[in-house]
Amino acid sequence: MQRKNFTEVAEFIFLGFSIFGNHQITLFVVFLITYIFTLTGNIIVITVICIDRHLHTPMYFFLSMLSSSETVYTLVIIPRMLSGLIFYNQPISLGSCATQMFFFAFLAANNCFLLTVMGYDRYVAICKPLRYTVFMNKGVCGRLVCGSFGTGLVMAVLHVTAMFNLPFCGTVVDHFFCDIYPVMKLSCIDTTINEIINYGVSSFVIIVPVVLVFISYILIISSILKIPSVEGRKKTFATCASHLTVVVVHYGCAAIAYLKPKSENAIEKDLLLSVTYTIITPLLSPVVYSLRNKEVKDALYRAVGRISS
């Protein structure tokens, strides 16, 4: 069936958090405060890593790339979401929706693969310490980051191209941003092929990084267990604790959101889950790496000391 047989849809309207009724103002305040902390935390991490020469290592280079990606990721979604909590029924054009979905898919996939790269970095640092500078030189680090961004770009193009070749009949998106499944529900035709494409892309973006990170940590743990002293084992594993914490939360939320069977009656749960991976998860990286990482805390103290002196 051809697209021209359907009424052309020029814009969408987000249903957002209207199911929460009078609590929307409270949600606005909570989300705004969280978003301010998220932006502030990621910008501080990026700035400290840039200005402190002690952090000019592959591990912190990857962390700065992750924080940069998550900063843009939240900018794509949260300001419009906050606006929707105050000004109801704000329309979004089809082009703007496609743009938002593109950057969301691009940066979400990029973040998944950046976390995988960070896992590989920890593997080399612990399992191949004498050859670390060879394996993780500037050229290799640059190619790994470019590979993450390139993979995210390809995944986003696949998502958006498949989605916006569909004809749409509905205009109300049962969500607070142009996520894939809520927009797909508005199509006039059967979306089985799109669902298969989406599930295949999501599986690749989530399962492949999870498997690679899992392999990295199996090798890391086997190396740590060979360290004779308990204190040495604890100290070595501590260098991975921050990354492992972020990995578990990030991949866990992504897997539940995009690999679980879809239910028509789980709107509130889906919204809360979406809040987790669009607001909470981007806040997690700067918080975890700041509180659990001595090098970052020392760099923060030095930066504060320079500013106050």
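Heavy-atom minimum distance, Ala105 versus His159: CB-CD2, 4.0 Å. A pairwise comparison of heavy atoms in Thr34 and Val30 identifies OG1-O, 2.8 Å as the closest pair. Contact detail for Pro79 and Thr74: the closest heavy-atom pair is CD-O, 3.4 Å. The two residues Cys141 and Pro58 come nearest to each other via the heavy atoms SG-CB, 3.6 Å. Contact between Cys240 and Arg122 at its shortest, heavy atoms only, is SG-CB, 4.2 Å. In plain terms, the two heavy atoms of Phe177 and Gln100 that are nearest each other are CB-OE1, 3.5 Å.
In this structure, Thr71 contributes its side chain and Ser67 its backbone to a donor-acceptor pair below 3.5 Å. Judged by distance alone, the side chain of Asp174 and the main-chain N or O of Leu15 form no donor-acceptor pair under 3.5 Å. Side chain of Asn42 to main chain of Leu39: no donor-acceptor pair is present (N/O by atom type, distance under 3.5 Å, no hydrogens or angles). At least one donor-acceptor pair closer than 3.5 Å links the side chain of Ser64 to the backbone N or O of Phe61. Within the 3.5 Å criterion, the main-chain N or O of Met136 finds no donor-acceptor partner in the side chain of Asp121. Side-chain N or O atoms of Arg233 include one that pairs as donor or acceptor with a backbone N or O of Ile227 at under 3.5 Å.
Remark: Tyr120 OH to Leu219 CG distance equals 11.0 Å, nearest 0.5 Å. To the nearest 0.5 Å, atom CD of residue Glu70 and atom OG1 of residue Thr281 are 7.5 Å apart. The SG atom of Cys169 lies 9.5 Å from the CD1 atom of Ile189; values are rounded to the nearest 0.5 Å. Atom OH of Tyr35 sits about 8.0 Å away from atom CG of Leu82, to the nearest 0.5 Å. For the atom pair Thr171 OG1 and Ile92 CD1, the distance stands at 13.0 Å (nearest 0.5 Å). From Ile220, atom CD1 reaches atom OH of Tyr123 across 9.0 Å, with rounding to the nearest 0.5 Å.
Aromatic ring pairs are classed by plane angle as parallel below 30°, tilted from 30° to 60° and perpendicular above 60°; the pair Tyr73 and Phe104 is parallel.
Residues Arg80 and Phe176 have side chains not in contact (no heavy-atom distance under 4.5 Å, counting atoms from C-beta outward). Under the 4.5 Å side-chain criterion, counting only non-hydrogen atoms from C-beta, Val287 is not in contact with Phe37. Inter-residue side-chain proximity for Val157 and Phe102 is flagged as met; some heavy-atom pair is nearer than 4.5 Å. The shortest side-chain heavy-atom distance between Ile25 and Ile86 falls under the 4.5 Å cut-off. Using a 4.5 Å heavy-atom cutoff, the side chains of Pro182 and Phe14 are not in contact. Side-chain contact check for Leu115 versus His243: some heavy-atom pair is nearer than 4.5 Å.
Ring to ring, Phe31 and Phe17 are close: their centroids are under 6.0 angstrom apart. In this structure, the ring of His175 has its center no less than 6.0 angstrom from the ring center of Phe12.
Around atom CD1 of Ile193, no more than 12 heavy atoms belonging to other residues, nucleotides or ligands sit under 6.0 Å away.
For the 3.5 Å distance criterion, the side chains of Thr116 and Tyr251 qualify, holding a donor opposite an acceptor. A donor-acceptor contact under 3.5 angstrom links the side chains of Asn198 and Tyr181, judged on distance only.
Ile218 and Val248 fall into different hydrophobic clusters, where Ile, Leu, Val, Met, Phe, Trp and Tyr are joined by side-chain heavy atoms under 4.5 Å apart, directly or via other members. Hydrophobic clustering places Phe135 together with Leu144 (ILVMFWY residues linked when any side-chain heavy atoms are closer than 4.5 Å, directly or through intermediates). Under the 4.5 Å side-chain heavy-atom criterion for grouping Ile, Leu, Val, Met, Phe, Trp and Tyr, Met184 is connected to Leu186 within one hydrophobic cluster.
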Practice task
May I have the step-by-step check of side chain to side chain contact (heavy atoms under 4.5 Å, CB included) for Asn111 and Leu66, ending in yes or no?
Solution key: CA-CA 6 Å; Asn111 292 345; Leu66 179 64; 3.9 Å; yes
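By the side chain to side chain donor-acceptor pair (under 3.5 Å) test, His250 pairs with no residue at all, sequence neighbours left out.
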